[in-house]
Amino acid sequence: MTPLAAVVSGPRVRLFACLLRLGCQQAKPLQLHTGASLAAKNHYEVLVLGGGSGGITMAARMKRKVGAENVAIVEPSERHFYQPIWTLVGAGAKPLASSGRPTASVIPSGVEWIKARVVDLNPDKNCIHTDNDKEISYKYLIIALGIQLDYEKIKGLPEGFAHPQIGSNYSVRTVEKTWKALQDFKEGNAIFTFPNTPVKCAGAPQKIMYLSEAYFRKTGKRSKANIIFNTSLGAIFGVKKYADALQEIIRERNLTVNYKQNLVEVRADKQEAVFENLDKPGETQVISYDMLHVTPPMSPPDVLKTSPVADAAGWVDVDKDTLQHKRYPNVFGIGDCTNLPTSKTAAAVAAQSGILDRTISLIMKNQTPVKKYDGYTSCPLVTGYNRVILAEFDYNAQPLETFPFDQSKERLSMYLMKADMMPFLYWNVMLRGYWGGPAFLRKLFHLGRS
């Protein structure tokens, strides 16, 4: 079967990506550096925990402030992934290989990469401990440890992924199984789930539903498919403007959405999924499936849950305006591991990085942070192989849109941005510490309209 990557990567897509690369190169030529290892030290002016999007971005920014030799990143993984593209990988529109690079290639040059896992944080003594029995002290600490996937909280997982017809776009180990299940589907129930916990990229569980429906139409299987979205939430999306648009798509495409339904068990050998009715705890329903996409429960990383830096729920307890820790003034948090009351996305991390950069700059000068984070986050809601609704909003779940048109409409241009522009921007600009979100574009378009 011809990969859908070949179908959707037509001349317009390639031209768009080519022009984008040319424009970015002319604006500021950037070259990725390979991480250079220095002699190991046990104290750093800035210590970054986590080598994901938030950690690498902040390390690049801090390098320019205090010098590469005074910054270190603690990260055990050998590979770094651009996870937002996994939605398209699971639908066969992008190859998995395009989503990952060696961690060494994204560590800012000269910054020390401590290839270990954090096992303890002691902010009262300004130090952390790693799984190789090393103690590292710091003057300033940035926590960017991301979010933890808890597949094991669903009975029958993760071992159930060894069976066919089941996948998950949230893990590098299971995202290609989604595409395999999609290709192998013949008829019956195609079920997509949303857990009863905070998640990263809260739009992703339904994006793969829309893509699957589009794939079934392309391959002549749609009439034999009963597409079901079982979500623990009480609404399809948290921002009314975009929820209304999605409800119209759900109606037009004859999709079934069941609210307050939480996946609690997968019987993969029988191809059965068990859901609990959250409105009637203890009441369950068993549904057979011919395709199942699982969005796992998620939680703060275990190392944070009992740490002094965590709130009662286990998230890093930061000020929502400045990202400075509420109790430890030399500790900061960014991204999915924090208790910031906004959607956990890479776009949010980009916006947060610019604010946090300014916060730390002022703290280093013994000044009070003044720049406030407005909760900006973005979710490109992929509704087909060439259409996206670009949802952008703030802490108050109010639209905070960048472009001078109605972003609740499905658009090809927004799909091209999701599929080609954003990955390029991520690898070449954001991870180099030069992208703090689209606020300047909003101002530019606003000036153009005034």
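Index from 1, following the sequence. On a predicted model such as this, the values are computed, not experimentally measured, just so you know.
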Between Ile147 and the options Thr197, Asp336, Val199, Thr338, the side chain to side chain contact (heavy atoms under 4.5 Å, CB included) test singles out Asp336
Are a donor atom and an acceptor atom from the side chains of Lys305 and Ser299 found within less than 3.5 Å of each other?
-> yes
Residue set satisfying ring pair (Phe, Tyr, Trp, His ring centres under 6.0 Å) with Phe194, at least two apart, ordered chain then number -> none
Which residues satisfy the ring pair (Phe, Tyr, Trp, His ring centres under 6.0 Å) test with Phe161, sequence neighbours excluded?
-> Tyr151
Would you please indicate if the ring centroids of Tyr395 and Tyr373 are separated by under 6.0 Å?
-> yes
Would you please classify the geometry between the Tyr328 ring and the His325 ring as parallel, tilted or perpendicular, with 30° and 60° separating the classes?
-> tilted
Quick one: sort the Tyr426 and Tyr82 rings into parallel, tilted or perpendicular, breaks at 30° and 60°.
-> tilted
Arg217 meets the side-chain hydrogen bond (donor to acceptor under 3.5 Å, both in side chains) criterion, sequence neighbours left out, with Glu213
Taken in chain and number order and not counting sequence neighbours, the residues that satisfy side-chain hydrogen bond (donor to acceptor under 3.5 Å, both in side chains) with Thr231 are none
Apply side chain to side chain contact (heavy atoms under 4.5 Å, CB included) to His163 and list each qualifying residue two or more places apart in sequence or on a separate chain.
-> Ala268, Asp269
Would you mind writing out the side-chain donor-acceptor pairs for residues 286-295 within the sub-3.5 Å range, not counting sequence neighbours?
from   : atom 1 : to     : atom 2 : distance (Å)
Asp290 : OD2    : Asn189 : N      : 3.2
His293 : NE2    : Asn169 : N      : 2.9
Thr295 : OG1    : Thr193 : O      : 3.0

Could you list the residues that satisfy salt bridge (charged side-chain N to carboxylate O under 4.0 Å, His left out) with [X], not counting sequence neighbours?
| X | answer |
| --- | --- |
| Glu410 | Arg253 |
| Glu187 | none |
| Asp357 | Arg61, Lys65 |
| Asp131 | none |

Might you work through the ring-ring contact (aromatic ring centres under 6.0 Å, His included) test for Tyr138 and Tyr44, ending with a clear yes or no?
-> CA-CA 5 Å; Tyr138 56 81; Tyr44 295 89; over 10 Å; no
Residues pairing under ring pair (Phe, Tyr, Trp, His ring centres under 6.0 Å) where one sits in residues 229-249, two or more places apart or in two chains, turn out to be Phe237-Phe393
Side-chain contact test, heavy atoms from C-beta onward, threshold under 4.5 Å: evaluate it for Trp86 versus Tyr170 and give yes or no.
-> no
Would you check if Leu390 and Leu381 make a side-chain contact, meaning some heavy-atom pair closer than 4.5 Å?
-> no
Per-pair distances, 0.1 Å, donor-acceptor, side chain in residues 52-59, under 3.5 Å, sequence neighbours excluded:
from  : atom 1 : to     : atom 2 : distance (Å)
Thr57 : OG1    : Ser53  : O      : 2.7
Thr57 : OG1    : Met430 : O      : 3.3

